[in-house]
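None of these values were measured; they are calculated from a predicted model.
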Amino acid sequence: MTAVREWGYGGTELAWLKAGLAGCAGEGHVVAELVPSGFEAYLRVFHRFEASDGSGRTRSWRAWAEAGGVRFHAELSHWSLPDDGRGPGGTPHWYAGTGQPDERTRRALVRVLAEATGAQPVFFAYDLAAVLSGSDEPMVRRSSLDQLEAVREEMTAELGGAEGPEFWWPEDRSWVVTSDYDLLSTYVGCSATVAERILGSDEIEALPVTLRTRVDGDADRLNSRA
């Protein structure tokens, strides 16, 4: 999980969101540390694995888990997935980038969230990425939802390659998307209706979670590791 920074969020667009997060307590890390309380529904959105051979092929967590006899569930860890072999130089055949969902999943999320967002502005926040760039406060861009990819491109250039956004939400705060630097999944807080639409999308792999669902690499207690 991302380390705690020394700066405060008062006076920034992130203040309300950070105020709604729980601190780390007990074993492991949970959804409540990533997404504010108060939403009807919470989801884990899995980042698709991509083939390391440059073919552009992708693989879902469910497909990999089922192929290896591993139970697919909301606290599934990538460490529980079976070793699928390695290519030249020891490169894994499949990988998922940490911190951000793959492009297919991002674009699908935008399409689904657009139904609940309409024309209102959306905020895209860079937190840890701003720290690493030397900024003394979070960097937040206000734009429209359909400009996510343009904001990503602009901010990646401005921040020297750092990826993001780590948080994005509409002006009415009816949903929040959080992507943590250390995780292979994104977490969403939203209405029950939006959650149903996300879960029903053929292009998004997601499962319902709660604020107490574990998110760390040691979370999987249903699958034994070899």
Side-chain angles (χ1 to χ4, degrees), residues 1-2 27-35 39 41-87 90-113 148 152 163-168 175-190 194-226:
M1 294 291 294
T2 300
E27 180 183 6
H29 296 278
V30 298
V31 173
E33 297 173 53
L34 300 171
V35 187
F39 290 100
Y42 294 87
L43 301 174
R44 175 182 178 180
V45 175
F46 296 82
H47 303 171
R48 293 185 68 84
F49 293 97
E50 300 178 21
S52 59
D53 61 6
S55 64
R57 293 176 298 136
T58 63
R59 188 180 197 183
S60 71
W61 286 63
R62 182 187 290 276
W64 195 342
E66 291 180 349
V70 172
R71 183 173 177 181
F72 179 68
H73 65 101
E75 293 184 327
L76 175 63
S77 168
H78 66 287
W79 295 113
S80 298
L81 297 173
D83 188 344
D84 204 29
R86 294 176 180 270
T91 304
H93 290 309
W94 300 94
Y95 71 93
T98 57
Q100 290 294 309
D102 55 283
E103 182 178 359
R104 171 180 169 179
T105 299
R106 287 197 312 272
R107 292 185 182 277
L109 272 175
V110 166
R111 286 193 293 273
V112 173
L113 293 172
L148 170 61
R152 280 172 49 84
E163 291 197 1
E166 294 155 77
F167 306 97
W168 30 304
W175 52 261
V176 171
V177 176
T178 299
S179 300
D180 187 275
Y181 183 83
D182 291 330
L183 302 180
L184 300 182
S185 293
T186 286
Y187 291 83
V188 179
C190 57
V194 171
E196 184 177 356
R197 290 172 181 163
I198 292 174
L199 291 169
S201 171
D202 292 334
E203 296 182 281
I204 303 172
E205 184 173 38
L207 285 176
V209 295
T210 71
L211 289 172
R212 302 312 304 168
T213 300
R214 289 268 299 273
V215 303
D216 55 280
D218 295 321
D220 193 350
R221 290 159 286 187
L222 296 183
N223 296 299
S224 60
R225 298 183 189 177

My understanding is that only one of Gln100, Arg107, Arg106 makes a side-chain hydrogen bond (donor to acceptor under 3.5 Å, both in side chains) with Glu103; could you say which?
Arg107
Looking at Ser77 and Gly217, would you say the former's side chain and the latter's main chain have a donor-acceptor pair under 3.5 Å?
yes
What's the shortest heavy-atom distance between Leu76 and Ala65, and which atoms?
CD2-CB, 4.3 Å
Counting N and O atoms only, with roles assigned by atom type, does the side chain of Thr213 sit under 3.5 Å from a partner on the main chain of Thr210, one being a donor and the other an acceptor?
yes
Non-hydrogen side-chain atoms of Pro101 and Arg48 separated by less than 4.5 Å
no
Hey, does Val177 have a side-chain heavy atom less than 4.5 Å from the side chain of Leu113?
yes
Charged N to carboxylate O under 4.0 angstrom, Glu75 versus Arg221?
yes
Is Phe72 close to Leu207 at the side-chain level, that is, under 4.5 Å between some pair of heavy atoms?
yes
From OG1 (Thr178) to CD (Glu166), nearest 0.5 Å:
9.5 Å
4.5 Å side-chain heavy-atom contact, Leu183 and Leu34:
yes
Main chain of Asp218, side chain of Arg214: is a donor-acceptor contact present, judged purely on distance under 3.5 Å?
yes
Does Asn223 reach the main-chain N or O of Ser80 with its side chain, forming a donor-acceptor pair under 3.5 Å?
no
To the nearest 0.5 Å, atom CZ of Arg111 lies from atom OG of Ser201 at 7.0 Å
Can you give me the closest heavy-atom contact between Val209 and Ala74, atom names plus distance?
CG1-CB, 3.8 Å
Kindly compute the distance separating CH2 (Trp94) from CG (Asp53), expressed to the nearest 0.5 Å.
7.5 Å
Taking all heavy atoms of Ser60 and all of Ala63, pick out the closest pair and write down the distance.
OG-N, 3.0 Å
To check you understand the geometry: which heavy-atom pair defines the closest contact between Trp168 and Leu148, and what is its length?
CH2-CD2, 3.8 Å
Between Ala108 and Ile204, which heavy-atom pair has the shortest distance, and what is it?
CB-CG1, 3.5 Å
Note, Leu184 side chain near Trp61 side chain (heavy atom, < 4.5 Å)
yes
Test side chain to side chain donor-acceptor pair (under 3.5 Å) applied to His47 and Thr186, step by step
CA-CA 7 Å; His47 303 171; Thr186 286; 2.8 Å; yes
Are any of the side-chain heavy atoms of Asp220 and Trp79 separated by less than 4.5 Å?
no
Could you tell me which non-hydrogen atom of Val215 sits nearest to which non-hydrogen atom of Val30, and how far apart they are?
CG1-C, 4.0 Å
Is the number of heavy atoms from other residues, nucleotides or ligands under 6.0 Å of Glu203 CD greater than 12?
yes
Please walk me through it: do Glu163 and Tyr181 pass side chain to side chain contact (heavy atoms under 4.5 Å, CB included)?
CA-CA 9 Å; Glu163 291 197 1; Tyr181 183 83; over 6 Å; no
Between Leu81 and Phe49, is any pair of side-chain heavy atoms under 4.5 Å apart?
yes
Side-chain (Trp64) to main-chain (Pro82) donor-acceptor, under 3.5 angstrom
yes
Donor-acceptor check, side chain of Arg44 to backbone of Pro208, threshold 3.5 angstrom: yes or no?
no
For Arg71, is the CZ atom crowded, meaning more than 12 foreign heavy atoms sit under 6.0 Å from it?
no
